[in-house]
Trainee: 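Let me begin by handing over the structure; questions about it come next.
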Amino acid sequence: MQLDTIVKGGTVVTPGGTFVGDVGIAGEKIAALGSSLDAAGAKTIDATDHYVIPGVLDVHVHLELPFCGTVSADDYRSGTRAGARGGVTTLIDFAIPYAGDSLNDAADNWMKKAERKSLIDYTFHICITRWNEHKDQIEGMVKRGFTTFKEFMIYESEGWQSDDRALYGTLEKMREYGTMLLVHAESARVLDELIARHHTPELMKQYGARLHPMTRPNFVEAEAIQRAVQWSEATGGKLYIVHMSTGEGADIIRAAQARGVPVIAETCVQYLVLDDSVFEREDGHLFACCPQLKKPKDVQRLWQGLNGGEVSVISTDTCTFTREQKAMWEGDWTKIPMGMPGLETLLPLTYTHGVLGGRMSIEDMCMKLSTNPARIMNLAPRKGSISIGADADLAIIHPTRKHTVDPSAMETNADWSPFEGWELAGFARTTVSRGDVIVDDYRVVGKEGRGVWLRRESGIGNRESMLPGAVSIPDSRFPIPAGAR
Ligand SMILES: [Zn+2]
């Protein structure tokens, strides 16, 4: 077969195992894996002394989102350039209906944000914010190629909140259509009460941004996860807990999976590398995100959950606000625009603190950043692994070369970073998206607007990917090529 491009001599991580050799690309697809592919007529990308890993999927992203009285600062141009530099080749954003919008309107609005700007491939989770109006529109969205839906257990003031009736009813429909419901799990009534009790001028003066973690004790998340799990168990509808931040959450998920509840959990990389001690800092308010950063013991439990299997995916919940936007708080923590930049540092943080930190193997990392998210979100086998027939989405990273995180040198529109000054390996030297080189020598070279919307079919999601033990066991369906080391 005539190959257009050969990625030569890298350490290639595949679902079948890791080998030193070549990846052959024909058109937009991976067409060959081998120890010394015939390079005649093909362009060559040298990957000697580098890892060649599947492009990362960040399945929890908010670009150009109207939220907290402003609009998040990374759009599809800056956000996807940032992603590419961090080896991200696919993202999933959340299409949210605003006043009077149908689910179709929400999808149309998000399509417009992405088209002509996105450097990488994308799709959306469809948010159900008004159950009575939206419930009969779900089936149409499945037919249109969307297979994941989202409900918020909080955010009444934004007009997004779902009650138990909506959660229960949506999960029944998820079971019927073979689709999945993503849930932001925090206990709204108790949370509102705790915020109200602390919302006094005296306490705000005394504690400042520390009131953010003080008003969100772990049980606020744990109770909501427990309740959502209950509805999943009762209906058989597939449930996905987004941005799980507590050890209690991991315990609940582990127990639920053990009794066969179809629930999957995601955490975000910031919950693995930061804790709520950052709120002691002068600029601590910058770190406000929702849910907030937790304690060191939660950080440890989430790493353990990644190894144990109850945490299946690492994402970012990217929702970028500049220093100027964050300054809107003026000492009242309830007015801080909540969210942080993340796409550009997902892979470097996970690689440096996970793989180089001795907490996970490179194969485990690829499972949590690429293979699992693709399978769970109905994007496999097209996305998520280096295998014959898959899209040629690759990140090529040096095993040890570090870059200092410096917001002024990054693609994100954020003028700060939670990780400013950190030394991280794992930035993409080269990123390949459907056969195109979009990052070369650590610089973005790909063309704006080349990314495509990814249509999905329900029922392809793979439950095996969330079972304990599924990590890093070579998959016999993807044999390592003969002759490769
Ligand atoms: Zn989010």
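Worth knowing before you read on, the calculation uses all heavy atoms, side chains too, and leaves out hydrogens, waters and symmetry mates. Atoms within a ligand are numbered from 1 in the order they appear, just like the ligands themselves. Each residue takes its place number in the sequence, starting with 1.
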Trainee: Ignoring hydrogens and angles, tell me if any N or O in the side chain of W160 forms a donor-acceptor pair with the backbone of I96 under 3.5 Å.
Mentor: no
Trainee: Is it true that R189 and E193 have a side-chain N and a carboxylate O under 4.0 angstrom from each other?
Mentor: no
Trainee: Using a strict threshold of under 4.0 Å (side-chain N to carboxylate O), is an ion pair present between K173 and E139?
Mentor: no
Trainee: Can you list everything that forms a salt bridge (charged side-chain N to carboxylate O under 4.0 Å, His left out) with R175? Sequence neighbours excluded, please.
Mentor: none
Trainee: Can K117 and E448 be counted as an ion pair, charged N to O under 4.0 angstrom?
Mentor: no
Trainee: Return all protein N, O or S atoms below 2.8 Å from the Zn ion (ligand 1), chain by chain in residue order.
Mentor: H60 NE2, H62 NE2, D317 OD1
Trainee: Going by an N to O cut-off under 4.0 Å, is there a salt bridge joining D121 and R434?
Mentor: yes
